[in-house]
Amino acid sequence: MNIDKFTITSYDQITGFDRANGSLEMILDELSDFTLSHEEEKTDITGKGGRVISSLKKNKKVTGKGTNGMLSGGALAAMLGAEIEDGKHIIRYTDTITVSSNKGVTTETAIGTTGNEIGTIYVRDANNAYISGGKKLTQTSAAPAMGEFSYDPATKEVTFFAGDVADGTEVITFYDAEAEGKKISNNANNYSKTLQIFIDVTCQDGCDNLFHGQFIIDRADFSGTFDIQGGSDPATQGFEFTSMPNLCTGKNSLWDFVVFD
């Protein structure tokens with residue numbers, strides 16, 4: 001390899017690790033763009049006639065900024081100062097129920113206070129409006145009267161008052177349910193993490209030989225300022241960090257770059 005004449009052809013991935021125990025915190029392997037920026041302040045020292053006779057250099061700074069083509073749970077957790085929790089979590093479920101013979105069945109099991117697991121069911125009006133029109137049915141723990149319904153969580157069955165809702169009518173309701181999944185919490189008292197990161201790149205020299213490179217940053221302080229975008233384009237993961245010296249080891253390098261076959 002010839003590193004007197006070479007280029008970085010691609011940023012391949014960024015991995016981040018907990019600085020205390022070395023556990024993997026994040027992987028960004030769909031990098032659509034990335035820039036490692038370098039700054040240095042220079043103050044001119046002037047002499048007779050205002051001529052520059054020397055300079056004072058200080059405040060060296062390295063920042064990394066880029067975009068991953070897909071959202072990364074680990075990166076979100078790093079920028080929020082959060083952990084990823086695996087298990088059962090409460091969600092608000094939107095359910096459309098078709099009524100047949102004064103009955104209906106929820107898709108999920110509604111949870112909550114006994115006799116008030118669902119609370120309200122909305123029936124559309126002639127203009128298909130739930131909120132600005134239609135009517136609201138209220139849950140009861142007894143046999144339903146007009147304008148009421150009952151719910152059995154064991155069977156997920158909803159019972160309406162006879163003749164209150166015509167067969168084939170679609171009604172809508174919103175209730176809490178328990179879902180198996182992963183959770184990231186944005187706690188107001190937690191702030192973004194500082195990780196040890198490794199930036200893997202592919203390099204090519206002037207003779208078209210390919211080789212690998214890796215930037216090693218012992219203390220990458222991630223920014224907690226970012227956007228989660230969506231809409232016509234898929235959501236991407238923007239991120240930014242500042243490199244800092246490793247004061248625990250007395251190491252002052254802002255990054256090391258290793259090239260290898």
Are L36 and F257 in one and the same hydrophobic cluster, where Ile, Leu, Val, Met, Phe, Trp and Tyr link if side-chain heavy atoms are under 4.5 Å apart? yes

For the side chain of N127 and the backbone of A129, is there at least one donor-acceptor N/O pair under 3.5 Å apart? no

Are any of the side-chain heavy atoms of N246 and R19 separated by less than 4.5 Å? yes

Return yes if some donor-acceptor pair links the side-chain N/O of T173 with the main-chain N/O of T120 below 3.5 Å, else return no. yes

Pair F34 and Y11, ring centroids less than 6.0 Å apart: yes

Evaluate salt bridge (Lys or Arg N to Asp or Glu O under 4.0 Å) for K251 paired with D256, printing each intermediate quantity in order. CA-CA 11 Å; K251 187 178 179 182; D256 294 327; 2.8 Å; yes

State, yes or no, whether a side-chain contact exists between I217 and F241 at a heavy-atom distance under 4.5 Å. yes

Passes side chain to side chain contact (heavy atoms under 4.5 Å, CB included), I97 versus E170? Steps please. CA-CA 6 Å; I97 302 168; E170 283 190 346; over 6 Å; no

When rounded to the nearest 0.5 angstrom, what distance separates CE in M1 from SG in C207? 13.0 Å

Nearest heavy-atom pair of R51 and K48: which atoms, and what distance? CG-O, 3.2 Å

Point-to-point distance, once rounded to the nearest 0.5 Å, from NZ of K103 to CD of E157: 4.0 Å

Could you check V165 against L137 for side chain to side chain contact (heavy atoms under 4.5 Å, CB included), going step by step and ending with a plain yes or no? CA-CA 10 Å; V165 184; L137 306 179; 3.8 Å; yes

Exercise: identify the closest heavy-atom pair between A82 and S185: CB-O, 3.3 Å

Work out which heavy atom in F211 is nearest to a heavy atom in F6; give both atom names and the distance. CZ-CB, 3.9 Å

Check for me, please, whether I84 and L28 land in the same ILVMFWY cluster - side-chain distances under 4.5 Å, paths through other members count. yes

So, the side chain of Y175 versus the backbone of E108: is there a donor-acceptor pair under 3.5 Å, distance only? yes

Working to the nearest 0.5 Å, report the span between CG of D164 and OG1 of T159. 12.5 Å

Side-chain donor or acceptor of R219 paired with backbone N/O of P245 under 3.5 Å: yes

Verify, without hydrogens or angle tests, whether T9 (side chain) and T202 (backbone) share a donor-acceptor contact under 3.5 angstrom. yes

What closest approach, in Å, do S101 and D167 show between heavy atoms, and which atom pair accounts for it? N-OD1, 2.8 Å

SB check E83 K193 (cutoff 4.0 Å): yes

Verify, without hydrogens or angle tests, whether D18 (side chain) and A20 (backbone) share a donor-acceptor contact under 3.5 angstrom. yes

L195-F226 co-clustered via ILVMFWY side chain contacts under 4.5 Å: yes

Stepwise salt bridge (Lys or Arg N to Asp or Glu O under 4.0 Å) check, K182 with D86: CA-CA 5 Å; K182 300 179 186 294; D86 198 355; 3.2 Å; yes

Same cluster for F174 and Y130 if Ile/Leu/Val/Met/Phe/Trp/Tyr side chains link at under 4.5 Å? yes

K5 vs D205, side chain to side chain contact (heavy atoms under 4.5 Å, CB included): CA-CA, chis, key distance, verdict: CA-CA 6 Å; K5 294 181 179 180; D205 66 16; 5.8 Å; no

Say whether, by atom type as modelled, one donor and one acceptor occur between the side chain of D44 and the main chain of T46 under 3.5 angstrom. no

For the pair S192 (side chain) and F222 (backbone), establish whether a donor and an acceptor sit closer than 3.5 Å, ignoring hydrogens and angles. yes

Could you give me the CA-CA distance, side-chain angles and deciding distance for F161 and E148, then say whether side chain to side chain contact (heavy atoms under 4.5 Å, CB included) is met? CA-CA 6 Å; F161 178 72; E148 295 179 338; 5.9 Å; no

In this structure, which one of L31, T67, L76 forms a side chain to side chain contact (heavy atoms under 4.5 Å, CB included) with F239? L31

Under 3.5 Å donor-acceptor, E240 side chain and S223 backbone: no

Contact between I14 and M26 at the side-chain level, heavy atoms closer than 4.5 Å - yes or no? yes

Give me the atom names and distance for the closest heavy-atom approach of E178 to I111. N-CD1, 4.2 Å

Below 4.5 Å, heavy atoms only, C-beta onward: do D176 and R92 meet side chain to side chain? yes

Backbone N or O of Q237 within a donor-acceptor pair of the N68 side chain at under 3.5 Å? no

CE (M79) and OG (S72) are apart, to the nearest 0.5 Å, by 8.0 Å

What's the shortest heavy-atom distance between I27 and Q13, and which atoms? CG2-OE1, 4.2 Å

Does I3 CD1 have over 12 foreign heavy atoms under 6.0 Å away? no

Crowded around K135 NZ? As in, over 12 foreign heavy atoms under 6.0 Å? yes

What's the spacing between K65 NZ and D33 CG if we round to 0.5 Å? 9.5 Å

Could you go through the side-chain hydrogen bond (donor to acceptor under 3.5 Å, both in side chains) check for Y93 and T106 one step at a time? CA-CA 10 Å; Y93 193 81; T106 59; over 6 Å; no

F160 side chain reached by T169 side chain, heavy atoms, under 4.5 Å: no

Might you work through the salt bridge (Lys or Arg N to Asp or Glu O under 4.0 Å) test for E117 and K156, ending with a clear yes or no? CA-CA 11 Å; E117 295 89 352; K156 301 192 292 186; over 6 Å; no

Are F17 and W255 in one and the same hydrophobic cluster, where Ile, Leu, Val, Met, Phe, Trp and Tyr link if side-chain heavy atoms are under 4.5 Å apart? no

Give, for atom CG of N252 and atom CG of D218, the distance between the pair rounded to the nearest 0.5 Å. 11.0 Å

